[in-house]
Amino acid sequence: MARRLRGTRSLREAARAAHLDPGHLSRIERDLRPPTVAVALALDTLYGTENRLTALAEAEADLSPAARRLMALFGPLTYRSERTAFTSAGRT
């Protein structure tokens with residue numbers, strides 16, 4: 001599915017835009033590796049898929065209750081934004 005969403009972008013362009021290693025994105029596209037929630041968030045942002053990929057990743061990830069509360073507090077953020085949110089709150 002991720003390959004189809006990429007459209008006319010090259011693998012390298014999409015990986016660069018999502019801050020991913022091209023090899024890692026390739027493995028995700030070929031269903032050799034499932035995306036983490038953070039990667040799914042980045043791909044949702046890149047492809048404009050309205051958090052559908054994130055929902056799929058969350059369903060597979062079996063998140064703890066604490067992780068679910070964090071997701072509810074911070075909402076659907078990209079990995080970069082998530083790091084910025086924690087950094088700006090004085091956390092690392």
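Bear in mind the structure is a predicted one, so any value in this text is a computation, not a measurement.
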Nearest-0.5 Å distance, CD of residue Glu13 to CZ of residue Arg6: 9.0 Å
Shortest non-hydrogen contact from Ala57 toward Ala40: CB-CB, 3.7 Å
Heavy-atom pair with the smallest gap, counting every atom of Ala17 and Leu46: CB-CD1, 3.5 Å
Residues Arg9, Tyr47; criterion side-chain contact (heavy atoms from CB on, under 4.5 Å); working and verdict: CA-CA 11 Å; Arg9 286 186 181 107; Tyr47 300 140; 3.7 Å; yes
Working for side-chain contact (heavy atoms from CB on, under 4.5 Å), residues Leu43 and Leu5: CA-CA 9 Å; Leu43 294 175; Leu5 293 172; over 6 Å; no
Rounded distance [0.5 Å steps], CG in Asp21 versus CZ in Arg12: 9.0 Å
Atom pair CG (Leu32) and NE2 (His24), whose distance is rounded to the nearest 0.5 Å: 11.5 Å
From Thr36 atom OG1 to Glu58 atom CD, the distance as rounded to the nearest 0.5 Å: 11.0 Å
Thr45 side chain vs Leu41 backbone, donor-acceptor pair below 3.5 Å: yes
